[in-house]
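Below, chains carry the letters A, B, ... as their sequence lines are ordered, and counting in each starts from 1. Keep in mind the model is a prediction, meaning the values are calculated, not measured.
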Amino acid sequence: MIRTRFAPSPTGYLHIGGARTALFSWAYARKHGGQFVLRIEDTDRERSTKQSTEAILEGMEWLGLDYDEGPYYQMERLDRYREAAEQLLRENRAYYCYASKEELDAMREQQRAAGLKPRYDGRWRDSKQTPPAGVKPVIRFKNPQEGYVTFNDLVKGKITMANHELDDLVLLRSDGIPTYNFGVILDDLDMNISHVIRGDDHINNTPRQINILKALGAPLPQYAHVPMILGADGERLSKRHGAVSITQYREDGYLPEGLVNYLARLGWSHGDEEIFDRDQLIAWFDLTSINHAPAKFDPQKLRWLNQQYLKKTDSKRLAELAIPFFDRDNCDTSQGPDLLKIVNLLKERVDTIEELADAAVYFFRPLEPSSSLKAQHFSLELKPVLNSLKDKFTVIDWNHQAINSEIKKTAGEHEMKLPKLAMPLRVMVTGEAQTPSIAAVLELLGREETLKRMDHRLSFFPD
RNA sequence: GUCCCCAUCGUCUAGCCUGGCCUAGGACACCAGCCUUUCACGCUGGUAACACGGGUUCAAAUCCCGUUGGGGACGCCA
């Protein structure tokens with residue numbers, strides 16, 4: 001049975017990188033009919049917050065990453081970690097270390113100054129000295145000092161690390177809470193995780209974890225390290241480099257399926273496939289097609305993909321999703337034209353739902369054209385033409401074909417090129433220069449509102 | 001600094017494992033044209049990459065080594 005997990009720490013929201021790791025783990029489990037587990041690694045008491053946990057859960061739900069078990073919380077498993085640490089202590093695979101924070105800082109600084117890799121020097125490893133009074137010790141792992149650790153990473157291939165590069169890491173802090181490296185292996189072990197899929201910033205931790213697992217006499221999971229996602233500037237995505245919360249994309253008007261598709265395609269590929277849904281992802285997903293190099297996040301391609309999904313999404317659903325955005329624009333959608341029809345008209349022309357709502361404001365309230373638009377499209381000679389068009393609008397059938405032919409006819413009668421009439425009409429009714437076909441817009445807007453706006457505008461035309 | 005990972009168009013990538021089909025394919029972006037009632041959409045075409053240097057081989061984007069460049073890790077964070 002294949003079991004994967006996503007194990008975020010609740011010290012911030014769920015961001016792009018974490019979401020993609022979760023997506024890959026999820027897809028791998030689903031592909032193989034396995035199970036996907038969610039575990040919250042909340043052992044950093046300083047920074048873990050309830051809000052972060054909720055934000056992560058919310059992000060997972062929005063993306064549709066459903067889990068079969070969890071969320072588990074590490075803070076509920078403290079006894080287990082203590083037991084395991086004591087076992088290692090008994091078997092002389094771990095030891096107490098009484099070194100103070102200041103002492104260790106000084107040690108590292110010295111090493112750095114000497115051009116060495118900063119690491120614990122093992123001063124308490126085989127120490128016979130009497131422990132200082134009143135100091136609560138940490139428990140450190142007795143890492144093997146010779147030989148190599150090799151594992152076969154399912155993404156990167158064979159990775160080898162010399163044991164002498166590794167130091168004796170802390171297993172249990174002085175307050176009895178495990179550190180990441182200890183907690184994670186025990187949890188993955190107890191939860192029968194078969195495949196550990198995580199960011200490749202964990203590659204360096206893997207040999208340490210393998211050593212502990214071996215000391216415990218436990219079986220090893222398979223590892224798959226996924227490359228990082230970089231910001232547009234090539235820097236690792238961080239809070240300062242555009243790593244926004246996954247839910248921010250919802251607020252910006254993206255569809256979860258668009259984001260999922262984009263994320264899946266970032267660092268993973270199935271030939272030349274660009275647009276594929278969740279089921280196709282599951283069917284196609286494999287670890288070997290994950291790219292080995294880090295990828296830069298490209299917001300423009302995300303926008304394009306989102307537009308592809310917007311186009312094929314049912315207008316009814318889009319209309320519902322758009323309501324909060326209309327609210328932001330102070331548009332009462334219960335009043336004006338049929339929202340469904342508005343969505344139909346606009347959904348191929350915008351990249352996000354936010355843009356859709358923004359592009360539809362004039363359906364709900366008249367917009368004042370900018371002075372440059374007025375100067376460009378309004379002129380006194382036009383006034384009689386627009387007046388006669390308006391008169392005809394009072395009598396024709398109100399559908400876009402009829403409106404359209406009336407506009408064309410009027411332009412012909414006055415020997416005008418069509419745009420010369422259509423543009424001023426568009427600007428005077430919508431206040432904007434870019435809208436869908438003006439006839440379609442007018443039909444939706446309704447005869448009454450159209451005439452009202454024309455009257456109003458014409459009353460002080462061309463100003 | 002030390003260790004680990006990585007390296008194909010500006011970006012995401014196919015091809016690499018199992019050398020020849022690659023005068024390197026697709027997508028985003030960009031440019032031009034078409035469509036057109038504006039803006040989009042759509043369609044057509046275009047610019048654009050195997051980091052560099054050595055090997056191995058009849059033949060290398062593909063295999064090996066080095067250089068350079070990028071990323072990551074080096075905590076009683078995860």
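Dense packing is recorded around CD of A:Glu413, with more than 12 heavy atoms of other residues, nucleotides or ligands lying under 6.0 Å away. For A:Lys341, the NZ atom sits in a loose shell: 12 or fewer heavy atoms of surrounding residues, nucleotides or ligands are nearer than 6.0 Å.
Ring orientation note: the planes of A:Phe285 and A:Phe24 are tilted relative to one another, at an angle of 30° to 60°. The aromatic rings of A:Trp284 and A:Phe276 sit perpendicular to each other, their planes meeting at more than 60°, with 30° as the lower class boundary.
Base-pair partner of B:U11: B:A27 (Watson-Crick or G-U wobble, both distances under 3.5 Å). Base-pair partner of B:G19: not found among the strands shown (Watson-Crick or G-U wobble, both distances under 3.5 Å). If you check B:A32 for Watson-Crick or wobble pairing at under 3.5 angstrom, you find it paired to B:U44. Using the Watson-Crick or G-U wobble rule with both distances under 3.5 Å, B:A73 pairs with B:U2.
Across all strands, A:Gly183 comes closer than 4.0 Å to no nucleic acid atom at all (heavy-atom distances). Nucleic acid contact class of A:Ala440 (heavy atoms, under 4.0 Å, all strands): none. The residue A:Thr179 sits close only to the backbone: its heavy atoms come under 4.0 Å of sugar-phosphate atoms, none of a base. At a threshold of 4.0 angstrom between heavy atoms, the contacts of A:Arg140 are confined to the sugar-phosphate backbone, with no base atom among them. Looking at heavy-atom distances under 4.0 Å, A:His202 makes contact with a base. Residue A:Asn205 is in base contact, counting any heavy-atom pair closer than 4.0 Å across all strands shown. Residue A:Val138 is classed as a base contact, given a heavy-atom separation below 4.0 Å to a base. Counting non-hydrogen atoms under 4.0 angstrom, A:Arg47 reaches a base of the nucleic acid. When heavy atoms are screened at a 4.0 angstrom cut-off, A:Lys311 is found touching the sugar-phosphate backbone but no base atom.
Proximity of a side-chain donor or acceptor of A:Trp26 to a complementary backbone N or O of A:Val37 within less than 3.5 Å is not detected.
Between B:C65 and B:G26, the distance separating the two P atoms is 33 Å to the nearest Å. Spacing between B:G19 and B:C64 at atom P, rounded to whole Å, works out to 12 Å. Look at the C1' atom in both B:U38 and B:U44: the space between them is 23 Å, to the nearest Å. Separation of the C1' atoms belonging to B:U56 and B:U62 is 13 Å when rounded to the nearest angstrom. If you take atom C1' in B:A78 and the same atom in B:G15, they sit 37 Å apart, rounded to whole Å. Rounded to whole Å, the C1' atom of B:G69 lies 14 Å from the corresponding atom of B:G53. With both ends at atom C1', the span from B:A49 to B:U8 equals 6 Å, rounded to whole Å. When the P atom is used for both B:C17 and B:A7, the distance is 14 Å, rounded to whole Å.
The phosphate of B:U13 (OP1 or OP2) has a side-chain N or O of A:Asn291 nearer than 4.0 angstrom. Phosphate proximity of B:C74 to A:Arg108: absent, as no side-chain N or O sits under 4.0 Å from OP1 or OP2. Taking only side-chain nitrogens and oxygens, A:Thr288 never comes nearer than 4.0 Å to OP1 or OP2 of B:C17. Checking the phosphate oxygens (OP1, OP2) of B:A14, a side-chain nitrogen or oxygen of A:Ser269 falls inside 4.0 Å. Regarding contacts with the backbone of B:C4, every side-chain N or O of A:Lys117 stays at 4.0 angstrom or more from both OP1 and OP2. The phosphate of B:A78 has neither OP1 nor OP2 within less than 4.0 Å of any side-chain N or O from A:Arg198.
A:Arg457 has a carboxylate O that lies under 4.0 Å from a charged side-chain N of A:Glu368, or vice versa, which qualifies the two as a salt bridge. With respect to A:Arg5 and A:Asp188, a salt bridge is recorded, a charged nitrogen being found less than 4.0 Å from a carboxylate O. A salt bridge does not link A:Arg265 with A:Glu273: none of the charged nitrogens is closer than 4.0 Å to a carboxylate oxygen. A salt bridge is defined here as a Lys NZ or Arg NE, NH1 or NH2 lying under 4.0 Å from an Asp or Glu carboxylate O, and A:Arg77 with A:Asp190 meets this definition. Taking 4.0 Å as the cut-off between side-chain N and carboxylate O, A:Asp168 and A:Lys142 do not count as a salt-bridged pair. Comment: A:Lys117 does not engage A:Asp167 in a salt bridge, judged by the lack of any side-chain N to carboxylate O separation of less than 4.0 angstrom. Looking at A:Glu257 and A:Arg278, no side-chain N of the basic residue comes within less than 4.0 Å of a carboxylate O on the acidic one, giving no salt bridge.
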Under a 4.0 Å heavy-atom criterion, the protein footprint on nucleotides 28-38 of chain B, written with B, S and -, is SS-------BB
Readout for nucleotides 64-70 of chain B: B = base within 4.0 Å of protein heavy atom, S = sugar-phosphate only, - = neither; 5' to 3' it is -------
Next item on the list: Using the ring pair (Phe, Tyr, Trp, His ring centres under 6.0 Å) rule, take A:His15 and A:Tyr249 through it: C-alpha gap first, then chi angles, then the decisive distance, then the call.
Entry: CA-CA 10 Å; A:His15 57 84; A:Tyr249 288 93; over 10 Å; no
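Going from atom CZ of A:Phe141 over to atom CG of A:Leu171 covers 7.0 Å, rounded to the nearest 0.5 Å.
Across the protein-nucleic acid pair, A:Ile16 atom CD1 and B:U11 atom P stand 19 Å apart, rounded to whole Å. The separation between A:Met161 atom CE and B:C5 atom P is 8 Å, rounded to whole Å. Atom pair A:Glu273:CD and B:G26:C1' shows a separation of 10 Å (rounding to whole Å applied). Per the geometry, CG belonging to A:Asp272 stands 16 Å off P belonging to B:A24, to the nearest Å. If you measure from atom CD of A:Glu102 to atom P of B:G75, you get 16 Å, rounded to the nearest angstrom. Atom pair A:Glu103:CD and B:G75:C1' shows a separation of 15 Å (rounding to whole Å applied). Residue A:Leu345 contributes atom CG, which lies 16 Å from atom P of B:A40 at whole-angstrom precision. B:G25 atom P lies 16 Å from atom CD of A:Glu274, rounded to whole Å.
Among the nucleotides B:U13, B:G75, B:A7, the one closest to the side chain of A:Ala293 is B:A7.
Between the side chain of A:Asp200 and the base of B:G72 there is no donor-acceptor pair of N/O atoms closer than 3.5 Å.
With a 6.0 Å cutoff to the six-membered ring centre and a 45° limit on the axis angle, A:Lys312 counts as a cation-pi contact of A:Tyr309.
With the nearest nucleotide of RNA chain B identified for both A:Pro137 and A:Asp201, A:Asp201 has the one nearer the 5' end. For the pair A:Pro118 and A:Asp44, nearest-nucleotide mapping onto RNA chain B gives the more 5' position to A:Pro118.
A distance of 6.0 Å or more separates the ring centres of A:Tyr96 and A:Trp124.
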Kindly give the atom pairs (protein nitrogen or oxygen, nucleotide nitrogen or oxygen) under 3.5 Å for nucleotides 44-47 of chain B.
none

